[in-house]
Structures are given as C-alpha cells and as structure tokens.
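Predicted, not measured: the structure shown is a model, and the values here were computed from it. Here, residue 1 is the first one in the sequence, and each next residue gets the next number.
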Amino acid sequence: MACLMSCLDEDDIKEIRNSLGSPEAQTEPGYLRDVLNKIIVQMTRGTDMAPLFMDMVKVCATTDIVQKKLVYLYMSNYAATKPDLAVLTVNTLCKDCQDSNPMIRGLALKTLCSLRLSGLVEYIEKPLLTGLKDYSAYVRRAAVLGCVKIHQMNPQFIANHGLIDQIYDMLRDSDVIVVTNCLGALEELLADKGGVVINQRLAHFLVSRLTNLTEWGQCFVLQTLLKYTPDNEDEVFDIMNVIDLYVKHTNSGVSMAAITLMIHLTQDMSSIGQDVYRRIKGPLLILLSSEHPELVYSSLCHIQWVKRKMPKLFSKYYKKFYCRSKDPTYVKYKKIELLGEMIKEDTLPEIVEELSVCCTDISSQLAQQAIQTLCIIAKKGATYATPCIAALLGLLNLQLDYVSSEVLVAFQDLLSYESNKEYIPHVLSQLGACETIVQSSRGKAALIWLLGHYGESLPDAPYILENMIDVIEEETSAQVKLHLLTATTKLFFTRPAECQDMMGKLLEFAIESDTNVEVRERAQFYYRMLNTDVNKAKEVVCASQTPDVSDDCMTETNKLDNLANFNSLSILFGPLKWSQIQLKQTDTKAMHQIPSPTHSSVLATPTREDHSATPSAKLMEGQLVDIDESKDAEPMPELQLVGDILVTPEEYESTWTMLSVYDTIELPLLEPLEPKQIHSLLENTGCKVMATTPEELEPWRAFVYAKDTTDTLYLVEVVLQSQTDILTFTLKVKGQTSSDRGGMFARQLQKAFS
C-alpha cells in the first residue's frame with residue numbers, strides 16, 4: 001500500500017486520513033489498529049506524519065487500549081511541533097487519568113507528562129498528585145517518573161508541592177519497581193545536591209529488599225548503596241553477608257555491582273580487602289568464558305584494574321588469557337596486554353611462545369602489539385630478555401614486512417640497554433636480509449638507526465646504506481631521510497674511506513634538492529660542523545644515547561585506579577579516550593542545555609523549541625559553560641579554500657611522488673564514522689576527493705586535494721582504521737609552506753572531524 005512507501009506525498013496522507021475517518025475504523029477495531037500501526041511505522045522511519053495530528057486527536061477518544069497506546073505514542077512525538085493542537089488532547093488525557101482501568105490511567109498520565117509543554121503544567125498537577133497516591137502500582141510508577149519530566153519544565157513545581165519528601169516516603173512502597181523509580185527520580189531531582197541521601201535506616205531497608213527487586217533494580221540499588229558508609233565493622237560484615245549472594249549472580253551487571261560495593265565497603269580494611277579481591281576472582285574469570293566478546297572485554301578490563309591492586313592474584317590463571325581464534329581483535333589486544341603484565345619467571349617460556357604466535361597474526365596491528373609486549377617483557381631483566389630476544393630474532397627469519405619492521409623498532413629500543421649488549425652481534429647478522437624486506441617508513445628508520453649506531457661491527461653496513469642513498473630520490477618519508485643523514489654521518493667517523501663518497505652524495509642531495517625544511521637544515525648543520533671541526537662534529541653526532549624509559553603510559557593508566565571508575569564506561573575506554581568523550585559531552589551540554597535555573601534531567605528529552613534557542617539567548621540566561629577566553633585573543637586564522645579547481649589523476653600522482661610529507665595526523669574518533677560520512681565532511685571543508693578504495697576494504701583510504709587563495713596545493717591521504725576508530729591524515733603541501741599554511745590546513749581538518 002501507499003502508506004508503506006519510504007516517502008509519502010499529499011495523496012498518501014489524504015488516503016490515510018480517509019482511512020482514519022472511514023466507517024470501518026469506527027466499527028472494526030482491527031482495521032483501525034492496522035491504520036495506526038502504519039502511521040507509527042512511517043513515524044519511526046522519519047517520515048513527517050504531523051499533518052495527521054488533528055485526525056489523531058479525534059481518534060484518541062477510543063475505548064480500545066491498544067489503539068490508545070498507539071495514538072498516545074504519536075501524540076508524545078508530535079506535540080512539540082503542534083503545541084496549539086496538542087492542547088485539544090488535554091481533556092481526553094485528563095479524563096483517562098480518572099478511568100477505572102489502571103492501565104489506561106497510567107498510560108494517560110505518562111503521555112500527559114511526556115507532552116513537554118510548559119503551558120500544560122496546570123493541567124498535569126491534579127492527575128500527577130493523584131497518581132502518586134493511586135492504589136495501582138503501575139500508575140504510581142508512571143507518576144514518579146512524571147515528576148522528573150515536570151521538573152525539567154518547571155523546577156519550582158516539585159518544591160511548591162513538597163514532592164521530594166513524598167517521594168522519599170514512597171521508597172518504602174510495597175512495589176519494588178516503584179522503589180527503584182523513586183531512587184532514580186531522587187537522583188535526578190537532587191542532582192545539584194549530590195543526589196539521594198542514604199542513611200543507615202534506608203540502607204538497611206534497601207539491602208533487605210534486594211531479593212524482591214528485578215535484576216535492573218538490584219543493579220541500581222547496589223550502585224546507590226555506594227553512597228553509604230557503615231559506622232563499624234560489624235555493620236560492614238552484615239551488609240557483605242547479604243550482598244555476597246549476588247557476587248556470583250548469573251546476570252553480569254548484578255555481579256559487577258555487588259563486587260563494586262564489596263570493594264567500597266572494605267577499601268579502608270586492608271586485610272579484609274585482600275580477601276574480597278580473592279573472593280571476586282572467580283566471578284571475573286568465569287566471565288572470560290562467555291560467548292559474548294563484549295562481556296569478555298569488560299571482564300578483562302576489570303581484571304586489569306583488580307590486578308593493579310593485587311599483582312599476583314591472576315598469575316597462575318595465565319592460560320585463560322590466551323587468544324582464541326574466534327576472539328575479535330579488541331579482545332586479543334587486551335589479552336596480550338594482560339599477558340605482558342602478569343608474566344613471571346615460571347610462566348615465562350609458555351607466555352613468550354603464545355606471544356610469538358600472536359606476532360604472526362594476519363592483523364598487522366595485532367602482530368605489532370604482540371611484538372611490543374615482548375619488548376616490554378624483555379626490559380624486566382636479564383632472565384626475561386633471553387627468551388624474548390630469541391623469539392624476536394626468530395621472527396626476523398619469517399621475512400614479513402610488518403613483522404620485521406616492528407621487530408627492528410623493538411631492537412632499536414632493547415639494544416640501548418647495557419644488559420643487552422651481548423645480543424648485538426646476533427641482531428647485526430640479520431640486518432642485511434632486512435634491507436629488501438622492510439618497506440614501511442618506521443621499519444626503514446629503525447634499520448638505518450641500527451646500522452648507524454652499530455655499523456662499525458657490521459662489514460656490509462656502508463654498502464647497505466649506500467643502496468638506500470642511491471634511491472633516496474624515490475623516498476617520501478622525511479623520518480627515513482633524517483635517520484639516513486645521521487646514520488651515514490656516524491658511520492663516516494668510524495669508516496671514512498668507505499663512506500666518504502656516499503656521504504658527499506647524500507649531503508648534496510639533501511641540501512640542494514630535498515624540499516623538506518627539516519631534512520635540508522639537518523644536512524646543512526652536519527655539513528657546517530664537518531667543515532669547522534671534524535672532532536667536535538664526532539662528539540656531537542656520536543654522543544651516547546640513553547634509552548627513553550617513559551612511565552607516561554603507566555601514569556595515564558593509574559588515573560583510572562580509583563573505585564569510581566570500576567564498573568563504569570571509563571574503565572573500558574581508557575584514560576585518554578574517556579577524557580576526550582567527557583570533553584565532547586561538556587561541549588554538547590553547553591550547546592544544547594535547556595535555559596533553566598537547574599540542570600536538565602537525563603531521563604527527559606529536550607523539546608524542539610529548547611534546541612532552537614540561540615547561543616546568545618542561552619548566554620543571557622547564564623547557562624553556557626564558562627570558558628575562559630581572553631578578550632584580547634585573536635581568532636585563529638582560517639584558510640580560504642578555492643572551490644573551483646581541478647587536478648587530474650596524473651598530476652596528482654606525479655605531485656604526490658615529488659613532495660615529501662609535511663605532517664601526519666592521527667585522530668582518534670569519539671564515535672565510528674562510515675566512509676560516506678568522511679567523504680561528506682571532507683567536501684564540507686572545501687576539499688575535493690580524487691579517489692577512494694572500496695568501502696568494505698580494510699583500511700579504507702581516500703586521496704584528497706585542495707587549493708587556497710594563495711595557490712598553495714594540499715594533497716592528503718586519508719586512512720580509516722575501523723577496528724581501532726583511528727583516522728590518519730598524511731599531508732603534503734606544494735607552495736607557501738614557510739608561512740605555516742600547511743599547519744593551518746591541518747588544524748582545519750582536525751576541527752572538521754573533532
């Protein structure tokens with residue numbers, strides 16, 4: 001039929017209107033239900049069904065409860081767009097609030113509060129106050145949640161009628177869902193004051209009612225009890241004896257909430273706290289066997305949190321953290337990370353063997369993660385270094401680009417430690433074979449660094465570097481060129497006869513032909529030092545290098561060690577991404593906050609009028625986040641991109657090959673983006689898309705270009721890693737780079753995707 005089409009025209013709307021008013025609709029309940037169902041289907045698809053509002057108002061007087069539910073759903077959705085017509089439904093809704101059927105009373109009250117029209121508060125007052133005292137639990141449930149919705153429209157309504165105290169009294173209601181709704185409502189209504197206050201009497205009452213609550217109610221009550229601090233140890237043990245039953249609950253949400261509460265109760269009791277961690281070890285390990293990878297990942301994150309409190313707690317269960325073939329990549333990442341943290345001398349051979357298998361995974365990113373973990377383990381001491389370095393050397397024999405590249409990066413770090421100097425000859429003996437295998441810029445840079453630092457002991461080192469210098473015109477990575485300059489200069493001081501000619505060729509190319517400013521300046525710096533004093537130049541270039549041992553990662557991880565992050569989303573996202581999400585949420589609230597003296601409720605949906613308020617109007621109400629901006633600060637300049645340009649594929653390819661990389665930007669996405677969305681955002685910034693890879697290909701790539709008013713050309717390779725939600729921009733610039741126009745363009749790209 002016409003009404004099942006994705007887009008409806010005026011004739012289709014007219015047909016539906018005629019169906020609503022037909023005699024069959026009055027005499028056959030099934031016919032009217034079918035028509036209403038079709039309207040709701042179109043509404044959920046995004047079709048504008050608001051023109052039927054007046055006809056739906058007439059239907060809302062039906063006595064059929066199914067028809068009422070469908071009509072009330074429609075009313076709740078379109079009341080904000082038709083406020084004048086929505087008033088016509090008030091009489092019917094108020095009448096239904098007095099119906100003898102409690103289902104109709106509750107449904108009408110819920111709909112009346114969901115209209116979100118401030119002018120209707122006076123009509124809602126009597127049904128709402130009556131509903132809070134209704135004998136039907138269903139009506140009381142709707143009335144309690146209605147208080148939260150009214151609070152958003154008119155905060156004074158709650159205070160004027162003393163509803164806070166009344167809802168507190170309702171916490172002892174005989175219906176457990178009413179109790180749960182009251183707790184949630186108080187959290188919203190008292191958000192500015194820290195939420196609901198839990199005293200000893202209320203805490204004991206909630207604990208005693210846990211067995212009667214639904215699973216969702218148990219989760220919510222257990223989380224609410226985190227606000228309560230018992231007076232003495234006896235009270236702690238009494239509460240723990242009750243909630244101990246829920247630690248092994250079949251519902252993972254209830255189990256995690258109970259575990260969180262037990263940790264909270266014993267956080268000041270060190271000896272008992274250790275026993276609690278041992279007690280919760282079993283439920284967390286059981287979750288690792290779940291068929292749901294999301295649940296397994298959550299369990300792994302919480303095990304990692306607990307492990308930082310008791311490092312040896314999970315050590316003997318290391319085999320449970322082995323990667324399974326059916327595990328998704330993100331679960332394997334976390335398992336590999338945990339294996340590296342829980343390794344001991346007695347489990348060293350088996351864990352190293354497991355990680356070695358992961359190093360050859362078909363996913364290059366997972367293989368890199370496993371190799372980095374082996375590198376981290378090797379730094380723990382000489383006992384750990386021997387099997388790890390042996391495994392890394394074995395990986396070089398596989399002659400895989402992405403594996404060899406990461407292994408060389410690992411050796412660049414490991415061989416800097418004095419305790420690992422004995423392994424230098426073994427590594428150097430395999431560097432010659434890596435020259436033709438390694439193709440990535442990161443791997444090439446590590447290979448060149450090793451040749452320059454330890455090339456004195458490798459006879460073929462100058463000749464390997466010479467081969468790279470011969471094709472330096474084809475090299476696009478500035479990082480590789482910089483390492484090549486430094487490595488060749490170092491080797492020149494120890495083996496001058498073999499390196500003199502290629503040293504001159506390299507300096508000549510870098511100074512006269514290379515377009516990268518950093519490469520050119522580095523070459524000029526070395527050239528001037530060599531001309532001035534060779535011995536001084538050797539002291540500077542060959543200065544001893546201390547390995548960069550950074551605890552930044554551990555510092556970031558420790559930011560989430562407090563109990564407030566346990567059993568929350570922050571522990572899943574990690575400290576970096578969680579801080580970005582919170583920042584984005586703060587900005588969103590500042591843009592969309594409803595002009596009101598208090599904060600809006602998360603249970604209520606802002607009306608469309610609220611979203612249309614201008615930022616200036618909100619600022620006058622004092623509702624925007626106070627951002628400290630200097631009045632004298634100049635706005636960040638933006639490039640004016642030219643829209644009418646055309647670059648042929650041949651021109652693009654030749655220019656891309658000729659230019660060096662200006663900048664590489666890795667942008668973590670706060671929410672997944674489809675290739676079509678990225679394509680649209682790029683065009684909105686003024687960029688033109690030259691070509692893209694198929695959407696199903698991983699990673700997805702796009703080749704983009706743009707030109708500004710100064711005739712500066714920008715070429716960008718966009719890479720989307722959908723598994724890790726990372727968007728990478730490789731930028732090349734042809735034109736006035738000295739004025740940092742490339743940096744301005746890079747900032748505009750970041751701004752478009754932030």
Side-chain angles (χ1 to χ4, degrees), residues 65 68-69 93-94 96-114 124-151 157-158 161-190 195-228 230 235 238-246 249-251 253-254 257-258 261 601 603-604:
I65 191 169
K68 274 187 180 295
K69 190 169 185 178
L93 290 171
C94 289
D96 285 347
C97 287
Q98 300 174 2
D99 195 275
S100 58
N101 187 338
M103 294 296 293
I104 293 180
R105 291 202 304 273
L107 182 61
L109 180 57
K110 183 165 62 175
T111 305
L112 192 59
C113 296
S114 299
I124 301 174
E125 177 180 352
K126 184 178 178 181
L128 182 63
L129 298 177
T130 304
L132 290 172
K133 300 176 182 178
D134 198 284
Y135 71 86
S136 170
Y138 176 73
V139 180
R140 295 198 300 276
R141 298 172 192 174
V144 171
L145 296 180
C147 292
V148 180
K149 298 172 184 177
I150 296 301
H151 175 72
F157 179 89
I158 303 298
H161 293 83
L163 293 183
I164 297 294
D165 294 336
Q166 187 172 350
I167 296 176
Y168 263 116
D169 293 338
M170 292 179 68
L171 286 172
R172 298 186 177 276
D173 195 277
S174 58
D175 184 77
V176 292
I177 298 181
V178 172
V179 174
T180 308
N181 286 358
C182 288
L183 280 175
L186 289 171
E187 282 290 317
E188 294 293 329
L189 299 176
L190 300 174
V196 62
V197 178
I198 305 295
N199 55 27
Q200 186 183 63
R201 187 178 177 185
L202 179 57
H204 288 185
F205 172 77
L206 293 175
V207 170
S208 66
R209 294 293 298 274
L210 277 173
T211 54
N212 301 323
L213 295 172
T214 62
E215 292 181 346
W216 181 87
Q218 289 170 349
C219 290
F220 191 79
V221 168
L222 289 170
Q223 291 171 1
T224 305
L225 287 172
L226 292 172
K227 296 185 174 185
Y228 177 65
E235 187 180 359
D238 290 339
I239 296 176
M240 288 177 62
N241 287 334
V242 177
I243 65 174
D244 184 63
L245 301 172
Y246 301 95
H249 199 282
T250 54
N251 185 302
V254 177
L261 182 56
S601 164
L603 293 180

Closest contact, heavy atoms only, Leu132 versus Val144:
CD2-N, 3.9 Å

Main-chain N/O of Leu202 paired with Tyr228 side-chain donor or acceptor, under 3.5 Å
no

Examine distances only and state if a side-chain atom of Arg140 and a backbone atom of Lys133 form a donor-acceptor pair shorter than 3.5 Å.
no

Quick one: closest heavy-atom pair of Ala203 and Ile198, and the distance?
CB-CG2, 3.8 Å

Check side chain to side chain donor-acceptor pair (under 3.5 Å) between Tyr138 and all other residues, then give those that pass, not counting sequence neighbours.
none

Give me the one residue out of Leu261, Val196, Leu186 that meets side-chain contact (heavy atoms from CB on, under 4.5 Å) with Thr224.
Val196

Minimum heavy-atom separation for Ala258 to Leu222, with atom names?
N-CD1, 3.8 Å

Drop me the distance from Phe157's CZ to Glu125's CD, to the nearest 0.5 angstrom.
5.0 Å

Distance check, rounded to the nearest 0.5 Å: Cys97 atom SG versus Lys126 atom NZ?
11.0 Å

Hey, mind stepping through Leu163 and Leu189 against side-chain contact (heavy atoms from CB on, under 4.5 Å) and telling me if it holds?
CA-CA 10 Å; Leu163 293 183; Leu189 299 176; 5.9 Å; no

State, with a plain yes or no, whether a side-chain heavy atom of Leu206 is found less than 4.5 Å away from one of Val179.
yes

Side chain to side chain donor-acceptor pair (under 3.5 Å) involving Asp238 - partner list, sequence neighbours excluded:
none

Who are the side chain to side chain donor-acceptor pair (under 3.5 Å) partners of Lys227, not counting sequence neighbours?
Glu187

One should read off an interatomic distance between Asp96 CG and Leu107 CG, to the nearest 0.5 angstrom, of 8.0 Å

In this structure, CD1 of Ile158 is separated from SG of Cys147 (nearest 0.5 Å) by 5.0 Å

Restricting to pairs with a member in residues 101-110, which pass salt bridge (charged side-chain N to carboxylate O under 4.0 Å, His left out), not counting sequence neighbours?
Arg105-Asp134

Looking at CD1 of Ile243 and CG of Leu225, how far apart are the two atoms once the value is rounded to the nearest 0.5 Å?
8.0 Å

Can you sort out the partners of Phe220 under ring pair (Phe, Tyr, Trp, His ring centres under 6.0 Å), two or more places apart, ordered by chain and number?
Trp216

To the closest 0.5 Å, what do you measure between CG (Asp173) and CD1 (Ile167)?
12.0 Å

May I ask you to decide if the ring planes of His249 and Tyr246 are parallel, tilted or perpendicular, using 30° and 60° as cut-offs?
parallel

State, to 0.1 Å, how close Cys182 and Leu171 come at their nearest heavy-atom pair, and which atoms those are.
CB-CD2, 3.6 Å

Identify the heavy atoms of Ile124 and Pro127 that sit nearest to each other, and give their distance.
O-CD, 3.2 Å

Pair His161, Gln166: side-chain N/O donor-acceptor within cut-off below 3.5 Å
no

Distance-minimising heavy-atom pair for Val178 and Ala137
CG2-O, 3.8 Å

Residue pairs passing the salt bridge (charged side-chain N to carboxylate O under 4.0 Å, His left out) test where at least one lies in residues 201-216, sequence neighbours excluded:
none

